[in-house]
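Order of the sequence lines sets the chain letters (A, B, ...), proteins ahead of strands, with each chain counted from 1.
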Amino acid sequence: RKEVEQDPGPFNVPEGATVAFNCTYSNSASQSFFWYRQDCRKEPKLLMSVYSSGNEDGRFTAQLNRASQYISLLIRDSKLSDSATYLCVMDTGRRALTFGSGTRLQVQP
Amino acid sequence: DGGITQSPKYLFRKEGQNVTLSCEQNLNHDAMYWYRQDPGQGLRLIYYSQIVNDFQKGDIAEGYSVSREKKESFPLTVTSAQKNPTAFYLCAMSGGASDEQFFGPGTRLTVL
């Protein structure tokens, strides 16, 4: 079983839609969780950290469920510019991060 | 971008040649990392360094070597022992209390 599992998609949604991604992880000792965004042929960029209490940044909401070992990302009012691959990321206790393979989102006009 | 640079952006080499990828940061961060990304795949950790003159192997270190002689520099050498070197190579840094990592723009290596 992979340490971090994501649905690769693609998720094809119309502009203005709400879309949610889940990511499951196997290492219960993981302490830090993040969502990164990666545009085609570019480097990943930090979108947001994920806190136990959940956190929101504009149209983006991230949540952590330790009991079920998953994190989620909700995007409201999708924009064309949200089209990208979203990477689920967490620490593995060795000060290096483990990356999921990513979920591709395509927002259509 | 964000104080971390990689060069060159694209690199072509013949099979059997060693090649060194550059990674420099100017934010005085202690930790630096090298990842490789293959098409449709996640990032896989090659090597990382928490402090000058020290580094650790990641998940796929075979066929690669690194050095950390200066805090701001963490070059990666792809040796001829690496079986499938063609990939997108990403360098990252982190510092302070957070585990967040920030990436350079990457180097696309193609071995012909």
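With a threshold of 4.5 angstrom between heavy atoms, A/Gln38 approaches chain B through side-chain atoms but not through N, CA, C or O. In this structure, chain B has no heavy atom under 4.5 Å from any part of A/Arg104. Using a 4.5 Å cut-off between heavy atoms, B/Arg44 does not touch chain A at all.
Residue A/Val107 is grouped with residue A/Phe60 when hydrophobic side chains (ILVMFWY) are merged at heavy-atom distances under 4.5 angstrom, including chains of intermediate members. A/Tyr25 and A/Tyr51 are members of different hydrophobic clusters when ILVMFWY side chains are connected at heavy-atom separations under 4.5 Å. B/Tyr47 and B/Val52 sit in two unconnected hydrophobic clusters of ILVMFWY residues. Membership requires side-chain heavy atoms under 4.5 Å apart, directly or through other members. Put simply, B/Phe88 and A/Val89 are part of the same group of oily side chains (I, L, V, M, F, W, Y) that touch within less than 4.5 Å, one to the next. Hydrophobic clustering, with ILVMFWY side chains joined whenever heavy atoms are under 4.5 angstrom apart, groups B/Ile60 together with B/Phe55.
The residue among B/Gln41, B/Arg108, B/Gln56 with the most heavy atom pairs within less than 4.5 Å of chain A is B/Arg108.
By the neighbour-count criterion of 12 heavy atoms within 6.0 Å, atom CD of B/Gln17 is densely surrounded, having more than that number from other residues, nucleotides or ligands. Heavy atoms from other residues, nucleotides or ligands lying under 6.0 Å from CD of A/Gln63 number 12 at most. Within a 6.0 Å radius of NZ in B/Lys71, more than 12 heavy atoms belonging to other residues, nucleotides or ligands are found.
Under the 4.5 Å side-chain criterion, counting only non-hydrogen atoms from C-beta, A/Phe99 is not in contact with B/Gln37. Residues A/Glu43 and B/Gln6 have side chains not in contact (no heavy-atom distance under 4.5 Å, counting atoms from C-beta outward). The side-chain heavy atoms of B/Leu43 and A/Leu87, taken from C-beta on, include a pair separated by under 4.5 Å. B/Glu100 places a side-chain heavy atom less than 4.5 Å from the side chain of A/Phe34.
Between the CG atom in A/Leu46 and the CZ atom in B/Phe103 there is a gap of 9.5 Å [rounded to 0.5 Å]. Taking OH of B/Tyr48 as the reference point, atom CG of A/Leu97 lies at 11.0 Å (rounded to 0.5 Å).
Of all the heavy atoms in A/Arg41 and B/Tyr10, the pair that sits closest is NH2-CE2, 4.1 Å.
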